[in-house]
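Side chains are part of it too, since the values below use all heavy atoms of this structure and drop only hydrogens, waters and symmetry mates. Indexing begins at 1, ligand by ligand and atom by atom, following the structure's order.
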Amino acid sequence: MTQNNLLFNNKHIWHPYDSIISPLPCYEIQSTCGVYFTLQSGIKVIDGMSSWWSAIHGYNNPKLIKILKKQVDNFSHVMFGGITHKPAIMLCKELLKILPKKLQCIFLCDSGSVAIEVAMKMVIQYWNKKKNNKKFFLTIRNGYHGDTFSAVSVCDPTNSMHRLYNTILPKHFFAKEPKLSFIKKWHNYDIYSFLNFMVCNQEKIAGVILEPILQGIGGMKFYNIEYLKQVRLLCKIYKIPLIVDEIATGFGRTGKMFAYEHANIVPDILCLGKALTGGMMTLAATITTKKIAYTISKNYPYKFMHGPTFMGNPLACAVARKNISLLRKNVWKKQVEYIEKYFKNKLFPLIKHPRIIDIRILGAIAVVECYHHVNLKLIQKFFINYGVWIRPFKNIIYLTPPYIVQNIHLDKLTQSIKSAIQNNSLFIL
Ligand SMILES: *Cc1c(COP(=O)(O)O)cnc(C)c1O
């Protein structure tokens, strides 16, 4: 039965960034619980990924399930045009409690990439209303903002999917990525490229967009908080809206509720996604200031022109609200601190290993950067046999476990990496 399912899967169903002719192997999941996946074979593995940053409370959290069931029985979906409902209202109230006072106007949408589309449209419509047709964005190399076209247009131009669509994407501005890490001493030269773009192209730049503190898919690099401070300052001086993409880093992952808090800044537009529903379902949000929202809503057509069919989906809103109210109990902070300490103790000693370039740890994120790319197929199998679910990319093996992990799970996760790096056959040498 399982074999038949897998054959059907391989023949008909596309998986992320994969081929339909010769896809990488897939593992069928039977059930989830806490930090565990149970595979169809009956094997239990610890999820070290939180299903791509999302399942921060682990799986099958009874409180999240309860609220979802209650909402299903009441109503699952209604259009948001001309209609509102308590799940959306309560979620937005809850969001405002954890956001800076400046960020007041919330646009609910389906996924992270769409939240980026919405943010970029907000910026364009903002300038339109100011009778200015600026349309280019300034961003930094190494960025990742999603897979839809506008999002791709601000992803790294050489090192990402951007390259595939180069000829049809608008030509935005790419400053050199920050070089100084989170822990290094600040030197002003790190911001020169960005500063230069800003000064030379201020008439053309409509908005700035970047990931705060952590550049994710671009290599899992933590950059200097001073860089983000300087970007904020320059955007202020040149009166250019700053979009901060917290889709991966939001909701506690880096040790702060939002990563921009490390730099003590407030963006003009904030994009949230991934962990917004605690990994239960898809939902994202783009949140902006009154100033931008009011400017957009000024003069004909007095509107912000975007409106997904499943905007404000009540099930997603109800569970997201519960997720945030769980976070507001502040247990996550101790959990994330604990994970950070554990990672530092167990992984930093590996730094001398000849396979390893660098080890970076911040909050509940551990990054092991290797000299060679992994053989994804083999290393995946190796990790499954070890009892963990870790999905590296390129030469990066990283952990972003659910905040509820205990010592035994952390031990197994870190041991599995220690063991993997001893093994030549798991790397493409
Ligand atoms: C995942 C991610 C996105 C895209 O979100 P989707 O829900 O996959 O569309 C955008 N930006 C960052 C930083 C992300 O990590």
Side-chain angles (χ1 to χ4, degrees), residues 14-18 49-56 107-123 137 139-157 159-162 165 172 174 177-178 207-223 228 231 242-254 256-260 262 267 269-287 306 308 310-311 313 316-317 319-320 323 362-365 367 391-394 396 398-400:
W14 238 302
H15 284 262
Y17 316 111
D18 211 346
M49 302 276 90
S50 299
S51 287
W52 279 337
W53 313 82
S54 66
I56 53 178
F107 191 98
L108 298 168
C109 47
D110 323 50
S111 72
S113 302
V114 176
I116 298 291
E117 299 284 328
V118 167
M120 291 172 77
K121 277 191 181 177
M122 280 180 178
V123 166
F137 287 81
T139 183
I140 53 181
R141 287 181 180 268
N142 253 349
Y144 175 76
H145 298 287
D147 290 347
T148 54
F149 271 113
S150 299
V152 166
S153 77
V154 286
C155 290
D156 187 277
N159 195 13
S160 75
M161 267 79 73
H162 188 114
Y165 312 105
H172 297 303
F174 293 89
E177 73 277 14
V208 166
I209 177 166
L210 44 59
E211 294 157 274
I213 302 301
L214 170 66
Q215 295 198 282
I217 319 265
M220 297 292 284
K221 296 200 167 112
F222 303 106
Y223 64 85
L228 193 54
V231 166
L242 170 62
I243 303 170
V244 165
D245 176 353
E246 285 269 0
I247 293 164
T249 47
F251 303 105
R253 180 59 66 181
T254 67
K256 302 271 187 193
M257 182 61 91
F258 300 109
Y260 64 73
H262 287 285
I269 301 177
L270 173 67
C271 298
L272 300 176
K274 288 198 165 91
L276 176 57
T277 63
M280 294 290 276
M281 51 215 302
T282 179
L283 183 71
T286 307
I287 304 150
H306 198 98
F310 284 94
M311 185 167 180
N313 174 256
C317 287
V319 77
N323 168 44
L362 184 70
I365 309 166
V367 185
R391 192 172 167 84
F393 64 94
K394 294 181 183 169
I396 305 280
Y398 72 104
L399 294 172
T400 49

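Summarising the contacts of atom 3 (C) of ligand 1 with K274, Q215, E117, the nearest heavy atom is found in K274.
Taking the side chain as every heavy atom from C-beta outward, E246 and P267 never approach each other to under 4.5 Å. In this structure the side chain of K221 never reaches within 4.5 angstrom of the side chain of P178, judged on heavy atoms. Inter-residue side-chain proximity for H145 and I243 is flagged as unmet; no heavy-atom pair is nearer than 4.5 Å. Side-chain contact between H306 and V114 is present, with heavy atoms from C-beta onward closer than 4.5 Å.
Within ligand 1, the atoms closer than 4.0 Å to a non-hydrogen atom of H145 are 10 (C), 11 (N), numbered from 1 in the order shown. Under a 4.0 Å criterion applied to the non-hydrogen atoms of I247, ligand 1 contributes the atoms 2 (C), 3 (C), 5 (O), 10 (C), 11 (N), 12 (C), 14 (C). Numbered from 1 in the order shown, with element, the atoms of ligand 1 that lie under 4.0 Å from a heavy atom of S113 read 4 (C), 5 (O), 6 (P), 9 (O). Heavy-atom contacts of D245 reach the following atoms of ligand 1: 10 (C), 11 (N), 12 (C), 13 (C) (cutoff under 4.0 Å).
At a heavy-atom cutoff of 4.0 Å, ligand 1 is contacted by both the backbone and the side chain of Y144.
For atom 7 (O) of ligand 1, the closest non-hydrogen atom of the protein is G112 N, 2.8 Å.
Backbone and side-chain nitrogen or oxygen atoms of E211 are examined, and none is located within less than 3.5 angstrom of a nitrogen or oxygen of ligand 1.
When all heavy atoms of F174 and S153 are compared, the pair lying nearest together is CZ-O, 3.4 Å.
Contacts of E177 classified as salt bridge (charged side-chain N to carboxylate O under 4.0 Å, His left out), with partners at least two apart in sequence or in another chain: K179.
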